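Below is a structure I'd like to ask you about.
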Amino acid sequence: MRHGPEAPDGTMHALVTAAIAAAGRRGVSRLSLAAVPEAAFGRNLTMDRALARHGCDGAGLLQFKAAFAPRWQPLYLAAPHRAALALAACEVARAIAHPPPLRQGDPPPVRRTEQDHAEYGFASAG
């Protein structure tokens, strides 16, 4: 989720708050704000050091997500072998450090992979 320079202050907070409220009205007991790099928590992992070199240490993301009082838990990157893990880590780092430009006007067309995974679920309360 990204916003353009013309978005008023607080827009992203309002959108996330509205989404959380809508999920609550639908009886969703748990949802995810997704991941924050470990470096934002002061941990110094290899991938996070690479992100920090590109100005993506996650501090701003941590501050934003902390406003919603989340229950933090570790998330892990998994792959079938080391080469795939390295490729996945590079793709994540690239997407964070060099996101595509924001489009103006109509939303981008839905890619086939997004159509295949249009139904997402929430993790159970465990």
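Note that the structure is a prediction, hence the values are computed from the model and not measured.
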Quiz prompt | Joint hydrophobic cluster, Val16 plus Met12, side-chain heavy atoms closer than 4.5 Å | solution = yes
Exercise. Can you sort out the partners of Glu91 under side-chain hydrogen bond (donor to acceptor under 3.5 Å, both in side chains), two or more places apart, ordered by chain and number?
Key: Arg94
Practice problem: Under the side chain to side chain contact (heavy atoms under 4.5 Å, CB included) rule, collect the residues that match up with Ala21, sequence neighbours excluded. | Solution: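 Residues passing side chain to side chain contact (heavy atoms under 4.5 Å, CB included) with Ala21: Arg25.
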Donor-acceptor pairs under 3.5 angstrom involving side-chain atoms of residues 73-83: please list them, not counting sequence neighbours.
from, atom 1, to, atom 2, distance (Å)
Gln73, OE1, Arg30, NH2, 2.8
His81, ND1, Ala84, N, 3.2

Only pairs under 3.5 Å count here: list side-chain donor-acceptor contacts from residues 60-67, not counting sequence neighbours, and write none if there are none.
from, atom 1, to, atom 2, distance (Å)
Lys65, NZ, Leu33, O, 2.5
Lys65, NZ, Ala35, O, 2.9

Quiz item: Looking only at heavy atoms, which two atoms of Ala34 and Ser32 are closest? And how far apart?
Solution: N-OG, 2.8 Å
Quiz prompt | With Thr11 via side chain to side chain contact (heavy atoms under 4.5 Å, CB included) - residues at least two apart | solution = Ala7, Pro8, Leu15
